[in-house]
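First the structure, then my questions, so here it is.
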Amino acid sequence: MAKVAIIGGRGKMGRMFARAFRKQGHTVLVASRSTKLTPAQAAAKGDLVIITVPIRDTVNVIKKIGKHVRKGAILTDFTSVKVRPCKAMKKYSKASVVGSHPVFGPSVGLKNQHFVLCPVRGSHAWYKQALKKMGLRVSTMTPEAHDRHMAIVQCLSHLSNFSFAHAMKQLKYNPNKEVLTSPIYRVKLGIVRRALDTDADLYTDIETENPYAKQVAKAFKKATDTLEQAIREEDKKGIKRIILQCQKHFGKLKQDMREKINRLAGFL
Ligand SMILES: NC(=O)c1ccc[n+]([C@@H]2O[C@H](COP(=O)([O-])OP(=O)(O)OC[C@H]3O[C@@H](n4cnc5c(N)ncnc54)[C@H](OP(=O)(O)O)[C@@H]3O)[C@@H](O)[C@H]2O)c1
């Protein structure tokens, strides 16, 4: 059994994975700014060292503890962006390095959730096995491919949620008062409300620390500007053309997905 040092182990993700590693019989050492065991001491002891601190602090923590991680150990981080932390882990340590991203939050269980690994240096075989034993669906990709993909999965989807909420605020429309709503609107509202319920610092960091976020935000602005102009000019042909182009790009919604969304809409 291994020693797993979790820097930020008292946080939401840290606690969840501390439990999962303990369940497999590993010894878990937890360190943060408020623990007696310092992050450097924990890093020196771990066979696996996980850094799970806020995104904005991750590279600084890597700089501080990287040199303490043993050469034979595995160093990883749980941050939702991968290019910058992976580069830093490679530069500031001599350990095996693999970036990690649990693509889910603490409110869902581990089973069947997606977990991305970005191998940088050396072997991380037993760590990958441990993750699979937790019931996680583990994928491997480069840090660049991860961040490019997450710029869509996270940056674009959060951006559209927050723009939706911000527009309502600007319109002084109170989403809590209205009773006359459609089923699909209730699904959308539920998604936006859930996004707003999450840690604002985390979402701010996701939008600013993903190197591909700016490119995605620019495309989003261009898309909304085009639609705004078409609506302003009452350009029916233009609006319909955009919808048809998107329908073609997305393809047909699979029957089982359509049923799931309809069921959810009916349920809400
Ligand atoms: N929450 C999610 O939905 C989610 C999902 C996927 C990935 N992630 C990633 O997981 C990481 C942690 O997120 P979280 O939501 O678990 O955060 P969190 O609940 O805020 O926990 C962060 C932990 O880091 C510690 N910490 C903060 N600054 C530190 C520093 N300079 N040195 C050492 N420890 C420090 C804090 O403890 P002290 O205050 O005691 O230092 C705290 O225990 C983030 O990088 C995030 O991108 C989060």
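One-based numbering, in listed order, for ligands and for the atoms of each. All values reported here derive from a predicted model rather than from experimental measurement. Worth knowing before you read on, the calculation uses all heavy atoms, side chains too, and leaves out hydrogens, waters and symmetry mates.
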>> Return the closest protein heavy atom for atom 47 (O) of ligand 1 as residue, atom name and distance.
In response: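 Of every protein heavy atom, S80 OG, 2.8 Å lies nearest to atom 47 (O) of ligand 1.
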>> For ligand 1 and V53, I'd like to know whether there is a polar contact (N/O to N/O, distance under 3.5 Å).
In response: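 Yes - when backbone and side-chain N and O of V53 are compared with those of ligand 1, one distance drops under 3.5 Å.
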> Which protein non-hydrogen atom lies closest to atom 5 (C) of ligand 1, naming both residue and atom, and how far is it?
Replying inline: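 It is F104 O, 3.0 Å.
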> Does G105 reach ligand 1 with a nitrogen or oxygen that is under 3.5 Å from one of the ligand's nitrogen or oxygen atoms?
Replying inline: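 N/O-N/O distance under 3.5 Å: no.
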>> Checking a contact table here: which protein heavy atom is nearest atom 9 (C) of ligand 1, and how many Å away?
In response: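 Of every protein heavy atom, F78 O, 3.3 Å lies nearest to atom 9 (C) of ligand 1.
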>> Under a 4.0 angstrom heavy-atom cut-off, which atoms of ligand 1 come close to I55?
In response: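 Atoms satisfying the 4.0 Å criterion: 45 (O), 47 (O).
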> Would Y127 and S96 satisfy side-chain hydrogen bond (donor to acceptor under 3.5 Å, both in side chains), going step by step from the backbone distance to the final call?
Replying inline: CA-CA 11 Å; Y127 171 47; S96 288; over 6 Å; no
> Taking side chain as C-beta onward, heavy atoms only, is D201 less than 4.5 Å from R56?
Replying inline: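 D201 vs R56: side chains touch.
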>> With side chain to side chain contact (heavy atoms under 4.5 Å, CB included) as the criterion, how do H101 and S80 come out once you've worked through the C-alpha distance, each side chain's angles and the decisive distance to 0.1 Å?
In response: CA-CA 6 Å; H101 181 201; S80 312; 3.6 Å; yes
> Do I7 and ligand 1 have an N or O pair less than 3.5 Å apart?
Replying inline: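 So ligand 1 has no N or O lying under 3.5 Å from an N or O of I7.
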> Which heavy atom of T204 sits nearest a heavy atom of T208, and at what distance?
Replying inline: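 Residues T204 and T208, closest heavy atoms: O-OG1, 2.8 Å.
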> Which ligand 1 atoms are under 4.0 Å away from a heavy-atom of P102?
Replying inline: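 The atoms of ligand 1 under 4.0 Å from a heavy atom of P102 are 6 (C), 7 (C).
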> So which heavy atom in the protein is nearest atom 25 (C) of ligand 1, and how far is it from that ligand atom?
Replying inline: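 Minimum-distance protein heavy atom for atom 25 (C) of ligand 1 reads G8 CA, 3.8 Å.
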> Should T58 be counted as touching ligand 1, given the test is an N or O pair under 3.5 Å?
Replying inline: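 No; the residue has no nitrogen or oxygen that sits under 3.5 Å from a nitrogen or oxygen of the ligand.
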>> How close do V49 and I7 get, counting heavy atoms only, and between which atoms?
In response: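 For V49 versus I7, the nearest heavy atoms are CG1-CG1, 4.2 Å.
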> Against heavy atoms of S34, which atoms of ligand 1 measure under 4.0 Å?
Replying inline: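 The list of qualifying atoms is 38 (P), 40 (O).
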> Does H101 reach ligand 1 with a nitrogen or oxygen that is under 3.5 Å from one of the ligand's nitrogen or oxygen atoms?
Replying inline: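 No; the residue has no nitrogen or oxygen that sits under 3.5 Å from a nitrogen or oxygen of the ligand.
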> Honestly curious: do L131 and V116 fall in one hydrophobic cluster under the side-chain, below-4.5 Å linking rule?
Replying inline: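 Hydrophobic grouping puts L131 apart from V116.
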> Which residue and non-hydrogen atom of the protein lie closest to atom 11 (C) of ligand 1, and at what distance in Å?
Replying inline: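 Minimum-distance protein heavy atom for atom 11 (C) of ligand 1 reads T52 OG1, 3.4 Å.
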>> Under a 4.0 angstrom heavy-atom cut-off, which atoms of ligand 1 come close to V61?
In response: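 Close to V61: 30 (C), 31 (N), 32 (N).
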> Quick check: does D199 get an N/O under 3.5 Å from an N/O on ligand 1?
Replying inline: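 N/O-N/O distance below 3.5 Å does not exist for this pair.
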> Got the closest protein heavy atom to atom 15 (O) of ligand 1, with its distance?
Replying inline: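 For atom 15 (O) of ligand 1, the nearest protein heavy atom comes out as K12 CE, 3.4 Å.
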>> I'd like to know if Y92 and L75 are part of one continuous hydrophobic network [Ile/Leu/Val/Met/Phe/Trp/Tyr, side-chain heavy atoms within less than 4.5 Å].
In response: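 Yes, it is one cluster - the side chains of L75 and Y92 are joined through contacts under 4.5 Å.
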>> Which heavy atom of N210 sits nearest to which heavy atom of A151, and what is that distance?
In response: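 Closest pair (atom of N210, atom of A151, distance): ND2-N, 3.5 Å.
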> How far apart are the closest heavy atoms of C155 and I206, and which atoms are they?
Replying inline: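 It is SG-O, 3.6 Å.
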> Tell me, which protein residue and heavy-atom name are nearest atom 48 (C) of ligand 1, and how many Å apart are they?
Replying inline: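 Of the protein heavy atoms, M13 CG, 3.5 Å lies nearest.
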>> Are more than 12 heavy atoms, taken from residues, nucleotides or ligands other than H149, located less than 6.0 Å from that residue's NE2 atom?
In response: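 No.
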> So with a 6.0 Å cut-off around NZ of K64, is the heavy-atom count from everything else above 12?
Replying inline: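 Count not over threshold, so no.
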> What is the nearest protein non-hydrogen atom to atom 43 (O) of ligand 1, stated with its residue, atom name and distance?
Replying inline: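 Looking at atom 43 (O) of ligand 1, the protein heavy atom closest to it is G11 N, 3.0 Å.
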>> Classify the ring geometry of F78 against F17: parallel below 30°, tilted from 30° to 60°, perpendicular beyond 60°.
In response: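 Perpendicular.
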>> Give the atom numbers and elements of ligand 1 that come within less than 4.0 Å of a heavy atom of P106.
In response: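 Counting from 1, the qualifying ligand atoms are 1 (N), 2 (C), 3 (O).
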> Heavy atom under 4.0 Å from ligand 1: found in I206's side chain, backbone, both, or neither?
Replying inline: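 Neither part.
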